[in-house]
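Scroll down for the structure; my scribbles are underneath it.
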There are 2 protein chains.
Amino acid sequence: MRVTTRPARAKGDLFDPACPTRQLLDRIGTKWTSMAIKVLAGTAPGEVRFADLRRQMPGVSQKMLSVTLRSLVQDGLVARRVEPTVPPRVHYRLTDLGLSLETPLAALRAWAEEHMAEIDHANAIARAGAVDSEFG
Amino acid sequence: MRVTTRPARAKGDLFDPACPTRQLLDRIGTKWTSMAIKVLAGTAPGEVRFADLRRQMPGVSQKMLSVTLRSLVQDGLVARRVEPTVPPRVHYRLTDLGLSLETPLAALRAWAEEHMAEIDHANAIARAGAVDSEFG
DNA sequence: CGGTATCCGAAATGATACTG
DNA sequence: CAGTATCATTTCGGATACCG
């Protein structure tokens, strides 16, 4: 997953340099990243402030939102703008690159909304089977 | 990420029951899941044996492949067939559900292959900036 | 307001050894 | 061959406290 530091690239390259998918999933697979992108995409091309973003992401801690946004900014997916007022106001928006990621991500969301019930059902069956075997 | 046990659903539901995307990313975001799906999709509708699968996934340990496949089977994305020979031969293939997931996943892979260089570049810039500030 | 630093528990992954 | 069990390591994420 790796949200915080990003120096583990060298290790990954050792056994599979040609797998950008894994690198991408390391990013969007973190707990809050895809949700942040979704909210930012919903606001695009407008900007959102830190506190607003946090309000739209129930359960996220201040630290994790900060860490998530920092990594997105570092990856060039999100742009950060600071108003030098006191207190400062910080605005976030998706870059063009970030927006282009929204398309395949939205497709994945659509699949999830359409099929997660089937996955849940499969898990229920598997759970029931495990219980059955305990009765046997 | 959660590949092994799957009882943490209750906790997630507490703050966001309507987010199947997170649940899906909890699954495909694990280190080996998406790679396994990719290999299985490349072989579909045929089957692949455990050892073959492992050979096509450089770096995966026997344990992690086993854990990954078990979770995919439990989720109904992969079907498992055992030949009762000695030694036994176990075959894996994507279910229809798993195959349907391949489509949005392939879109994500395409995006990754097309744009990861830009992400790397953004990271290089960010890295350089951090170095610059140390010179300042 | 918008962070950062630190500590801690939980979870993922890997190495190794053993089994049917 | 295809696992499972156990142990050790790494990383993630949350809580808390402090800063400009």
Side-chain angles (χ1 to χ4, degrees), chain A residues 1-9 11-12 14-16 22 25-36 47-55 57-74 78 80-92 130, chain B residues 1-12 14-16 22 25-36 47-55 57-74 78 80-92 130 133:
Chain A
M1 287 305 102
R2 139 161 336 288
V3 174
T4 49
T5 53
R6 199 96 68 194
R9 174 61 66 90
K11 183 186 170 193
L14 289 181
F15 73 85
D16 199 354
R22 177 100 284 285
L25 285 172
D26 275 351
R27 290 165 164 83
I28 67 172
T30 49
K31 191 166 186 178
W32 302 106
T33 305
S34 64
M35 193 183 297
E47 296 178 318
V48 196
R49 290 183 54 186
F50 187 90
D52 285 338
L53 207 41
R54 193 176 171 194
R55 243 167 267 129
M57 298 170 61
V60 73
S61 66
Q62 190 178 36
K63 172 194 168 186
M64 286 317 295
L65 181 53
S66 178
V67 167
T68 300
L69 287 171
R70 195 194 315 154
S71 107
L72 285 170
V73 168
Q74 188 173 312
V78 166
R80 194 182 115 121
R81 184 174 66 85
V82 182
E83 277 188 82
T85 56
V86 278
R89 279 181 279 193
V90 186
H91 306 259
Y92 294 92
Chain B
M1 284 306 104
R2 133 164 340 287
V3 174
T4 49
T5 54
R6 199 94 71 192
R9 173 63 66 88
K11 183 185 169 193
L14 288 181
F15 74 84
D16 200 353
R22 178 98 285 284
L25 285 172
D26 276 350
R27 290 166 164 83
I28 66 173
T30 50
K31 192 167 188 178
W32 302 107
T33 304
S34 64
M35 193 182 298
E47 296 178 318
V48 195
R49 289 182 53 186
F50 187 90
D52 286 337
L53 208 41
R54 191 176 172 192
R55 243 168 266 127
M57 297 169 60
V60 74
S61 66
Q62 189 178 36
K63 172 193 168 187
M64 284 318 294
L65 181 54
S66 177
V67 166
T68 300
L69 287 172
R70 195 193 315 154
S71 107
L72 284 170
V73 168
Q74 188 174 314
V78 168
R80 194 181 115 121
R81 182 172 68 86
V82 183
E83 276 190 82
T85 57
V86 276
R89 279 180 281 193
V90 185
H91 307 260
Y92 293 91
S133 69

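Chain naming here is simple, since letters A, B, ... match the order of the sequence lines and numbering starts at 1 in each. Just so it is clear, the model here is predicted, and its values are computed rather than measured.
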Donor-acceptor pairs under 3.5 angstrom involving side-chain atoms of residues 81-91 of chain B: please list them, not counting sequence neighbours.
residue: B/Arg81; atom: NE; partner: B/Glu47; partner atom: OE1; Å: 3.2
residue: B/Arg81; atom: NE; partner: B/Glu47; partner atom: OE2; Å: 3.1
residue: B/Arg81; atom: NH2; partner: B/Glu47; partner atom: OE1; Å: 2.7
residue: B/Glu83; atom: OE2; partner: B/His91; partner atom: NE2; Å: 2.7
residue: B/Thr85; atom: OG1; partner: B/Pro87; partner atom: O; Å: 2.9

Tabulate protein N/O versus nucleotide N/O from nucleotides 2-6 of chain D, keeping only pairs under 3.5 Å, one per line.
residue: D/dA2; atom: OP1; partner: B/Arg49; partner atom: NE; Å: 3.0
residue: D/dA2; atom: OP1; partner: B/Arg49; partner atom: NH2; Å: 3.2
residue: D/dA2; atom: OP1; partner: B/Val90; partner atom: N; Å: 3.4
residue: D/dA2; atom: OP2; partner: B/Ala51; partner atom: N; Å: 2.9
residue: D/dA2; atom: N7; partner: B/Gln62; partner atom: NE2; Å: 3.2
residue: D/dG3; atom: OP1; partner: B/Arg80; partner atom: NH1; Å: 2.2
residue: D/dG3; atom: OP2; partner: B/Tyr92; partner atom: OH; Å: 2.5
residue: D/dG3; atom: N7; partner: B/Gln62; partner atom: OE1; Å: 2.9
residue: D/dG3; atom: N7; partner: B/Gln62; partner atom: NE2; Å: 2.6
residue: D/dG3; atom: O6; partner: B/Gln62; partner atom: OE1; Å: 3.2
residue: D/dT4; atom: OP2; partner: B/Ser66; partner atom: OG; Å: 2.9
residue: D/dT4; atom: OP2; partner: B/Arg70; partner atom: NH2; Å: 2.9

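Rounded to an integer number of Å, the gap from CE of A/Met64 to P of C/dG2 is 18 Å. Atom CZ of B/Arg22 and atom C1' of D/dG13 are 11 Å apart (whole Å). When rounded to the nearest whole Å, the span between CG of B/Asp26 and C1' of D/dT11 equals 15 Å. Rounding to whole angstrom units, CZ of residue A/Arg54 and C1' of D/dG14 are separated by 11 Å. Between the C1' atom of C/dG2 and the CZ atom of A/Arg55 lies a distance of 12 Å, rounded to the nearest Å. As rounded to whole Å, 14 Å separates atom C1' of C/dG14 from atom CE of B/Met57. Distance, A/Glu83 CD to C/dG2 P: 10 Å, rounded to whole Å.
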- Message: If you apply the rule side chain to side chain contact (heavy atoms under 4.5 Å, CB included), what do you find for A/Phe50 with A/Leu69, and how did you get there?
- Response: CA-CA 9 Å; A/Phe50 187 90; A/Leu69 287 171; 3.9 Å; yes

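Between the A/Thr33 side chain and the A/Arg27 main chain, a donor and an acceptor come within less than 3.5 Å of each other. With hydrogens and angles disregarded, no donor-acceptor distance shorter than 3.5 Å links the side chain of B/Arg54 to the backbone of B/Leu65.
Contacts of B/Arg80 classified as salt bridge (Lys or Arg N to Asp or Glu O under 4.0 Å), with partners at least two apart in sequence or in another chain: none. Evaluation of the side chain to side chain donor-acceptor pair (under 3.5 Å) rule for A/Arg49 yields no partner, not counting sequence neighbours.
Place B/Pro87 and A/Pro87 on DNA chain D by their nearest nucleotides, and B/Pro87 ends up nearer the 5' end.
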